[in-house]
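If you scroll down you'll find the structure; I have some questions about it.
These numbers come from the heavy atoms of this one structure, side chains and all, not from hydrogens, waters or symmetry mates. Every chain is numbered from 1 and lettered A, B, ... according to where its sequence line falls, protein lines coming before strand lines.
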2 protein chains.
Amino acid sequence: MRAPRDGARGVPDATVARLPVYLRVLTGLGERGVATVSSEELALAAGVGSATLRKDLSHLGSYGVRGVGYEVARLVQHVGRCLGLAEEWRVVIVGIGSLGRALANYSGFAPLGTRVVALVDSDPAVVGERVAGLEVLPSSSTARVVGELGVRIAVLAVPAGAAQAACDAVVAAGITSVLSFAPVELQVPAGVELRSVDLSTELGILAFRERRRAATAGELPGELAGSAPRTGSSAGGAR
Amino acid sequence: MRAPRDGARGVPDATVARLPVYLRVLTGLGERGVATVSSEELALAAGVGSATLRKDLSHLGSYGVRGVGYEVARLVQHVGRCLGLAEEWRVVIVGIGSLGRALANYSGFAPLGTRVVALVDSDPAVVGERVAGLEVLPSSSTARVVGELGVRIAVLAVPAGAAQAACDAVVAAGITSVLSFAPVELQVPAGVELRSVDLSTELGILAFRERRRAATAGELPGELAGSAPRTGSSAGGAR
DNA sequence: GATTGTGAATTACTTCACAGCA
DNA sequence: TGCTGTGAAGTAATTCACAATC
C-alpha cells in the first residue's frame, strides 16, 4: 500500500522539482541586470532542454512573449508566487549536532521563503545553548513550538537511530512536511510529505556510475552485462 | 545540447537511485539477524512497490528463490558489489566551513565504501587545521592530492560564489564525479557526473506541496488551476 | 525573423498479472 | 503452495516539430 502517484491535474512532480532551480537562475540573472531571457538561454543555465523548460513554464500558465522571450522580473515573480514565496514557511530544525548547526547557520533559506524559527534537541547538554541567534529548546516542547510559532516544515538532523522517533514526534505535533537528513527509510502516515536527503545514497549513485565507467573502459572485470560506451554528464536535484 | 539520457542497456537511472536504499535496509535486516526476506517486506521497508523492487533486482541478475524470498546476506553482497562496495571510493571534501566539517565528521560514509581521505580549503586561516583527523590542505594542492591519493569523488561544500571555480579545479585535477552542496547550477564538461544536493531546493518543493494542499483545502485563494484533493506521502533520495 | 506554447511521437518508468519454479 | 522474475499494459516525462504570435 503505497502512495498513489498523483495524477490529479496540478503540476507534474518532475516540473515541481525543477521550479526552484529556475527561480534561482532567474534571480541570478535579475541581479546581474538581465531584462529578458530566451527559453534556450534559461534552459542552458538550468541544465535542462529548452523544450522541457517551456513545457514546465507552460504548466504555470506562462508569461512569455513569442519572438522575444521571458521578462526576467516578471517570471521571477510568477515562479516565486507558485512556490509560495509570498508566504513565509517556518521551519524547525530537530537535532542540533554538527549538521544541525551547519543548517541553522546556512544562509540559503531566505531566497525560497523559508525561515528557521526554532531549534530542538533531546540532549540536555545542548538545550539552552544559543545557535544562530536561537535558543535550543528541549524535544518536549516540540508540539508547543509548532503550534505557537506556526511551523509548517520540520528538518530532521538527528542520528539514524533517533530519526523515526523524531519524525513521529513532529508528525504528532501536526507537521505535514518533513525533510530528513538521516540515513534511514522513515515511515510516515499518508498525507505527510517526506523528502529525504542522504549523503551516502548520493555517493553510492556516483560510485555506481564511476564503476560502470571503469568497467566499460576495460579496467575492471565487467560484472555487469551490457555494452554501454555511454558517458553523459547530468543529474541532480531531487529526483 | 544536453546529456542524451542514456538508453545503452545498463541499469535504469531510477533503479540505480534506489539501490543504495535497498542496501541500507538489507544491511539493517542482516544486523537484526533476519535471514530471508520477501520482496513484499523489503519493498515496504524501502518505501517502494514490490513489483518495482523485483524488477530493480532483476536488472542486477537477481538472486532470489521462488516461493521463498531473498537470502539477506547473499543479497547484501550482491547489491553491494554492484554499487562498488568491494572497492574503496576515495573522497576529497572541498570547503571546510561548517558544512564541510559536518560532512568530514559524518559517520555515514563507510557503509557504501566511500572514505574521506583529504580536505582542502582556500582560506589560509583554515589550512593546517586538523578536522576529523585530517589536516586541511590548501586549494593549490588539489591536483597533487587527487593524483597521489587516488581520489575519485569530490564533495563541494563551498559558498555559492566559489562553487563553479572549485568545480572547475577538481575537474581539471581529473575528478569525474562531483557532489555539490552549493545552491547554484554548476556547468561541467560532458563525461563528468554531477549531482547536486540543495537545501533550499528541497524546501521549495515541500513548500509548493504544502501550499497546494492549503489552496485545495480552501484556506488560500487558489492561484493554481486544478482541483486535486490528493494527499499522498512519498519521495526522496536523489531524484 | 524569432521565439513561445503545445499537440503528437517517443522514451522511460511503473504496475499488473501470471507463468515458472522451489 | 508461495513467491520470484518478467512480458505486456499502462502511465508519466521528455523531446520533436510546427503553428501561433509578437
State which of C:dC18, C:dT15, C:dT6 makes the closest approach to the side chain of B:A51.
->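 Of the candidates, C:dT15 comes closest.
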When you check the phosphate oxygens OP1 and OP2 of C:dA22, does a side-chain N or O of B:Y70 lie under 4.0 Å from one of them?
-> no
Could you state the CG-P distance from B:D13 to D:dA13, rounded to the nearest angstrom?
->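 Value for this atom pair: 15 Å.
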Given atom CG of B:L57 and atom P of D:dG5, what is their separation to the nearest angstrom?
->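 Checked: the CG to P distance equals 7 Å.
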Is the shortest side-chain N to carboxylate O distance from B:R195 to B:E193 below 4.0 Å?
->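 Looking at B:E193 together with B:R195, the answer is no, because their closest N to O distance does not fall below 4.0 Å.
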Between atom CZ in A:R74 and atom P in C:dT4, what is the gap in whole Å?
-> 15 Å
Could you tell me whether A:R209 and B:D13 have a side-chain N and a carboxylate O separated by less than 4.0 Å?
->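 Yes, A:R209 and B:D13 are salt-bridged.
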Note, A:L60 side chain near A:H78 side chain (heavy atom, < 4.5 Å) =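 Yes. Closest side-chain heavy atoms under 4.5 Å.
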Between the side-chain atoms of A:R66 and the base atoms of C:dT4, is any donor-acceptor pair under 3.5 Å?
->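 Between C:dT4 and A:R66, which were checked side chain against base, a qualifying N/O pair under 3.5 Å is present.
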Identify the pairs formed between an N or O of the protein and an N or O of nucleotides 7-10 of chain D at a distance under 3.5 Å, and give each distance.
from	atom 1	to	atom 2	distance (Å)
D:dG7	O6	B:K55	NZ	3.3
D:dA8	N6	B:K55	NZ	3.4

Nearest-neighbour nucleotide for the A:V65 side chain, D:dC22, D:dT4, C:dC13 considered |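 Nearest to the side chain of A:V65 among the choices is D:dC22.
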Could you give the CG-to-C1' distance, from A:L53 to D:dC16, as a whole number of Å?
-> 16 Å
Compare side-chain N and O positions of B:T52 against OP1 and OP2 of C:dT14 and report whether any pair is under 4.0 Å apart.
-> no
Mark yes or no for whether B:Q77, through its side chain, and B:R74, through its backbone, hold a donor-acceptor pair below 3.5 Å.
-> no
5'-most contact on DNA chain D: B:G67 or A:R18, nearest heavy atom basis?
->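 Closer to the 5' end of DNA chain D: B:G67.
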Would you check, one step at a time, whether the test side chain to side chain contact (heavy atoms under 4.5 Å, CB included) holds for B:V116 with B:Y106?
-> CA-CA 10 Å; B:V116 177; B:Y106 179 62; over 6 Å; no
Side-chain (B:E202) to main-chain (B:L199) donor-acceptor, under 3.5 angstrom = no
Polar side-chain atom of A:R54 near backbone of A:S39 as donor-acceptor pair, under 3.5 Å | no
Kindly say if B:S38 contacts the phosphate of D:dC3, meaning a side-chain N or O under 4.0 Å from OP1 or OP2.
-> no
